[in-house]
Amino acid sequence: MRRTLMFALRSSGVLLSRFEREFGVSLEVYFARELRALKEAGLICISKDGVLSLTDAGTINSGAVSLLFFSNNVLEQVAYNDGRIADKRTDLIEKHDYSPAARYGSSVQMKEVFQ
């Protein structure tokens, strides 16, 4: 569910009725806390047709938006691996890592979400 949501948000959006049909649970209920924070920050919207999508600000911060939907297990693995890097400025992999897992966003909207 998390992966489907993250990929769909970064492309054309998520049709809420299809998500519920495929997973047997309402996206708005299951991810209520995450969606509330993103909506309050102006990063997502739901169209009249029931499509959850990113706003312009959400698109700019799409990697960080996805981070909210990572499972605790994935976040723990990322923290463990990040903790093993002695110097992030010189680490060969870290300096080329563009994944959202270690990036919390820099915009005002994302700082509001992660506080």
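Quick note: residue numbers are just sequence positions, from 1.
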**Q** Kindly compute the distance separating OG (Ser53) from CG (Leu9), expressed to the nearest 0.5 Å.
**A**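 Those atoms lie 8.0 Å apart.
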
**Q** Can you sort out the partners of Thr55 under side-chain contact (heavy atoms from CB on, under 4.5 Å), two or more places apart, ordered by chain and number?
**A**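 Checked Thr55 against side-chain contact (heavy atoms from CB on, under 4.5 Å); matches are Cys45, Ala57.
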
**Q** Run the side-chain contact (heavy atoms from CB on, under 4.5 Å) test against Glu20 and tell me which residues pass, sequence neighbours left out.
**A**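 Partners of Glu20 under the side-chain contact (heavy atoms from CB on, under 4.5 Å) test: Ser26.
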
**Q** Run the side-chain contact (heavy atoms from CB on, under 4.5 Å) test against Arg3 and tell me which residues pass, sequence neighbours left out.
**A**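 Arg3 satisfies side-chain contact (heavy atoms from CB on, under 4.5 Å) with Phe7 once adjacent residues are dropped.
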
**Q** Checking Glu22 now: which residues fulfil side chain to side chain donor-acceptor pair (under 3.5 Å) with it, not counting sequence neighbours?
**A**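 Counting only residues at least two positions away or on another chain, Glu22 forms a side chain to side chain donor-acceptor pair (under 3.5 Å) with Arg18.
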
**Q** Give the cluster check for Val51 versus Leu27: same hydrophobic cluster or not, with ILVMFWY residues linked at side-chain heavy-atom distances below 4.5 Å.
**A**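 Unlinked, Val51 and Leu27 end up in two clusters.
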
**Q** Using the salt bridge (Lys or Arg N to Asp or Glu O under 4.0 Å) rule, collect all pairs that involve residues 24-34, keeping only residues at least two apart or in two chains.
**A**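 Sorted pair list comes back empty.
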
**Q** Roughly how far, to the nearest 0.5 Å, is the CZ atom of Arg10 from the OG atom of Ser66?
**A**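 Rounded to the nearest 0.5 Å, the OG-CZ separation comes out at 4.5 Å.
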
**Q** Provide the full list of ring-ring contact (aromatic ring centres under 6.0 Å, His included) pairs with a residue in residues 30-66, sequence neighbours left out, each pair given once.
**A**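 Every ring-ring contact (aromatic ring centres under 6.0 Å, His included) pair that includes a residue of residues 30-66, provided the two are not neighbours, is Phe31-Phe69.
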
**Q** Same cluster or not: Val14 versus Phe70, using hydrophobic residues (I, L, V, M, F, W, Y) connected whenever any side-chain heavy atoms lie under 4.5 Å apart?
**A**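 Per the 4.5 Å side-chain linkage, Val14 and Phe70 are co-clustered.
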
**Q** Please enumerate all residues that pass salt bridge (charged side-chain N to carboxylate O under 4.0 Å, His left out) together with Arg36, with sequence neighbours excluded.
**A**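 None.
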
**Q** Find out if a path of hydrophobic residues (ILVMFWY) with successive side-chain heavy-atom gaps under 4.5 Å connects Val65 to Leu15.
**A**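 Val65 and Leu15: separate clusters.
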
**Q** If you measure from CG on Leu68 to CG on Leu38, what distance do you get to the nearest 0.5 Å?
**A**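 Reported to 0.5 Å precision, the distance equals 5.0 Å.
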
**Q** Sort and list the pairs that fulfil ring-ring contact (aromatic ring centres under 6.0 Å, His included) and have at least one residue in residues 41-67, not counting sequence neighbours.
**A**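 For residues 41-67, and leaving out neighbouring residues, there are no ring-ring contact (aromatic ring centres under 6.0 Å, His included) pairs at all.
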
**Q** Mind checking the CG-OG spacing from Leu67 to Ser62? Nearest 0.5 Å is all I need.
**A**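 One gets 11.5 Å once the value is rounded to the nearest 0.5 Å.
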
**Q** Start with the C-alpha distance between Ile46 and Leu35, add both sets of side-chain angles, then the distance that settles side-chain contact (heavy atoms from CB on, under 4.5 Å), and finish with yes or no.
**A** CA-CA 10 Å; Ile46 299 175; Leu35 296 178; 5.9 Å; no

**Q** What pairs of residues pass the salt bridge (Lys or Arg N to Asp or Glu O under 4.0 Å) test when at least one of them lies in residues 43-66, not counting sequence neighbours?
**A**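 The answer is none; no pair qualifies.
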
**Q** Could you pull out all residues at least two apart from Thr4 that satisfy side-chain contact (heavy atoms from CB on, under 4.5 Å)?
**A**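 Residues passing side-chain contact (heavy atoms from CB on, under 4.5 Å) with Thr4: Phe23.
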
